[in-house]
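For the single chain, residues carry numbers from 1 onward in sequence order. Since the model is a prediction, treat every value here as computed from it, not as a measurement.
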Amino acid sequence: MAETVLSSGPESGPDRGLDAQGFIAREGSLGRVPRPFRPVVAAARDRLLDVFGARLDSAYLYGSLPRGTARVGRSDLDLLVALREEPTEADRADARVLDEGLDDEFAQIDGAGTLLYSRGRLLSDLETYDLGWFVACLCTPLLGADLAECLPRYRPDALLARETNGDLALLLPRWRERIAGVDDSEDARRPLVRFMSRHLVRTGFTLVMPRWGGWTSDLREMAEAFGAYYPVRAEQMRTAAVLGYEPTGDAGVLRSHVDDLGPWLAQEYARVHGVKAPRP
């Protein structure tokens, strides 16, 4: 199809989220957390220790807060926790209570979410170029020893592209189920629009990342990078980037995501990079 033909795209530069050796530079730091959010981060750190205690191996902050781009009342708190053993359902329930408590107490944030994994899984060979990369490059240490010290350095190459987002075809049926099961209201659909829009933009970016030659977490920059290589889909991806920051509850957007952009992107991703290694 004509829309799968790549443009030559822009020339990549040496400073596109890379260090002097061409590895992806770790983004974010606690020093970049905007002042209004610092009490939230301090409370999260203390409560993680209270909830998980000696079972906690390390904890991380990621997203807009450590990047310094968070907006008061609009941004959420994103945490990743590595436990010494595999998390249980009780652990996940405790994490949900922690998230709800932080969200209720601090008006600065619009939601909180804690990802739970075992140290073993994060450092496993299977996750080296997915969750391992995520910890090493996109997460800011908050508690415990930094697992990035046990992980390799990463380049924006085809292996990383395949293992981070090469599973979109598997996700789309689940997305359709979530859409079908959500209440028929804009308020109920808005979080799905935000989540799916962001996921598609990031997948579109990692599709072209090896050619673009760098890393960014800015959705608009991701969409522009994608559009330079797939001009026919450029405007659609720019719109998704806007919705990732300012979502609506439009049911038509969700249908377009799972019936048009998503399937096309999954097929093109598999053609260019292959499919992500199967997980248990």
Kindly work out whether a path of hydrophobic side-chain contacts (I/L/V/M/F/W/Y, heavy atoms less than 4.5 Å apart) joins [X] to [Y].
| X | Y | result |
| --- | --- | --- |
| Leu77 | Val72 | yes |
| Tyr62 | Leu30 | no |
| Leu49 | Val51 | yes |
| Val242 | Leu192 | no |
| Leu171 | Met222 | yes |

Here's a test for you: under side chain to side chain contact (heavy atoms under 4.5 Å, CB included), which of Val201, Thr203, Asn165 qualifies with Leu265?
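Output: one option passes, namely Thr203.
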How long is the span from the [atom1] atom in [X] to the [atom2] atom in [Y], to the nearest 0.5 Å?
| X | Y | atom1 | atom2 | answer |
| --- | --- | --- | --- | --- |
| Leu160 | Ile24 | CG | CD1 | 5.0 Å |
| Leu61 | Arg45 | CG | CZ | 10.5 Å |
| Glu149 | Leu123 | CD | CG | 11.5 Å |
| Arg255 | Asp259 | CZ | CG | 8.5 Å |
| Leu147 | Cys139 | CG | SG | 9.5 Å |
| Gln236 | Leu200 | CD | CG | 9.0 Å |

I'd like to check [X] versus [Y] (side-chain heavy atoms, cut-off strictly below 4.5 Å). Are they in contact?
| X | Y | value |
| --- | --- | --- |
| Tyr117 | Leu131 | yes |
| Phe37 | Phe106 | no |
| Tyr129 | Leu159 | yes |
| Leu115 | Leu79 | no |
| Arg84 | Arg55 | no |
| Tyr60 | Leu138 | no |
| Cys137 | Glu27 | no |
| Leu254 | Met196 | yes |

Could you check whether any side-chain N or O of [X] sits under 3.5 Å from a backbone N or O of [Y], counting only pairs where one atom can act as donor and the other as acceptor?
| X | Y | value |
| --- | --- | --- |
| Asp183 | Ser185 | no |
| Arg176 | Val258 | yes |
| Asp103 | Gly111 | yes |
| Ser124 | Arg121 | yes |
| His273 | Leu207 | yes |

Does the Lys NZ or Arg CZ of Arg238 fall within the cation-pi geometry relative to Phe226 - under 6.0 Å from the ring centre and within 45° of the axis?
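No, Arg238 does not lie over the aromatic ring of Phe226.
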Stacked cation flag Arg16 on Trp215, 6.0 angstrom / 45 deg:
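Ring-cation test returns no.
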Contact summary for [X] and [Y], nearest pair of heavy atoms:
| X | Y | answer |
| --- | --- | --- |
| Lys276 | Thr164 | NZ-O, 3.7 Å |
| Gly204 | Met237 | CA-CE, 3.9 Å |
| Leu65 | Ala70 | CD1-CB, 3.6 Å |
| Met209 | Gly214 | CG-O, 3.2 Å |
| Leu122 | Glu127 | O-CB, 4.4 Å |
| Pro66 | Val33 | CA-CG2, 4.1 Å |

Any chance you could lay out the salt bridge (charged side-chain N to carboxylate O under 4.0 Å, His left out) test for Arg271 and Glu268, step after step, and finish with the verdict?
CA-CA 5 Å; Arg271 185 187 72 82; Glu268 182 67 0; 2.6 Å; yes
Answer yes or no: does atom CZ of Arg35 have more than 12 heavy-atom neighbours from other residues, nucleotides or ligands under 6.0 Å?
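No, not enclosed.
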Just wondering, more than 12 heavy atoms not from Asp104 lying within 6.0 Å of its CG?
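Atom CG in Asp104 is packed in, count exceeds 12.
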Before giving the answer on side-chain contact (heavy atoms from CB on, under 4.5 Å), spell out for Leu80 and Thr114 the whole-Å C-alpha distance, their side-chain angles and the decisive distance to 0.1 Å.
CA-CA 6 Å; Leu80 183 145; Thr114 300; over 6 Å; no
Salt bridge or not between [X] and [Y]? Use side-chain N to carboxylate O under 4.0 Å.
| X | Y | answer |
| --- | --- | --- |
| Asp167 | Arg279 | no |
| Arg26 | Asp146 | yes |
| Asp50 | Arg47 | no |
| Glu246 | Arg71 | yes |
| Asp110 | Arg194 | no |
| Asp218 | Arg67 | no |
| Arg189 | Asp184 | yes |

Can [X] and [Y] be counted as having a side-chain donor-acceptor contact under 3.5 angstrom?
| X | Y | answer |
| --- | --- | --- |
| Ser118 | Glu85 | no |
| Thr248 | Glu186 | no |
| Tyr245 | Ser197 | no |

side-chain contact (heavy atoms from CB on, under 4.5 Å) for Asp91 and Phe52? Distances and angles first, verdict last.
CA-CA 8 Å; Asp91 292 327; Phe52 297 109; 4.1 Å; yes
Stepwise salt bridge (charged side-chain N to carboxylate O under 4.0 Å, His left out) check, Asp250 with Arg190
CA-CA 7 Å; Asp250 188 344; Arg190 192 172 291 112; over 6 Å; no
Show the numbers, then the answer: is there a side-chain contact (heavy atoms from CB on, under 4.5 Å) between Trp212 and Thr206?
CA-CA 9 Å; Trp212 192 71; Thr206 52; over 6 Å; no
Taking it one step at a time, do Trp264 and Tyr230 satisfy ring-ring contact (aromatic ring centres under 6.0 Å, His included)?
CA-CA 12 Å; Trp264 172 82; Tyr230 292 92; 5.4 Å; yes
Please test Val208 against Val272 for side-chain contact (heavy atoms from CB on, under 4.5 Å), starting from the C-alpha separation and ending with a verdict.
CA-CA 9 Å; Val208 304; Val272 175; over 6 Å; no
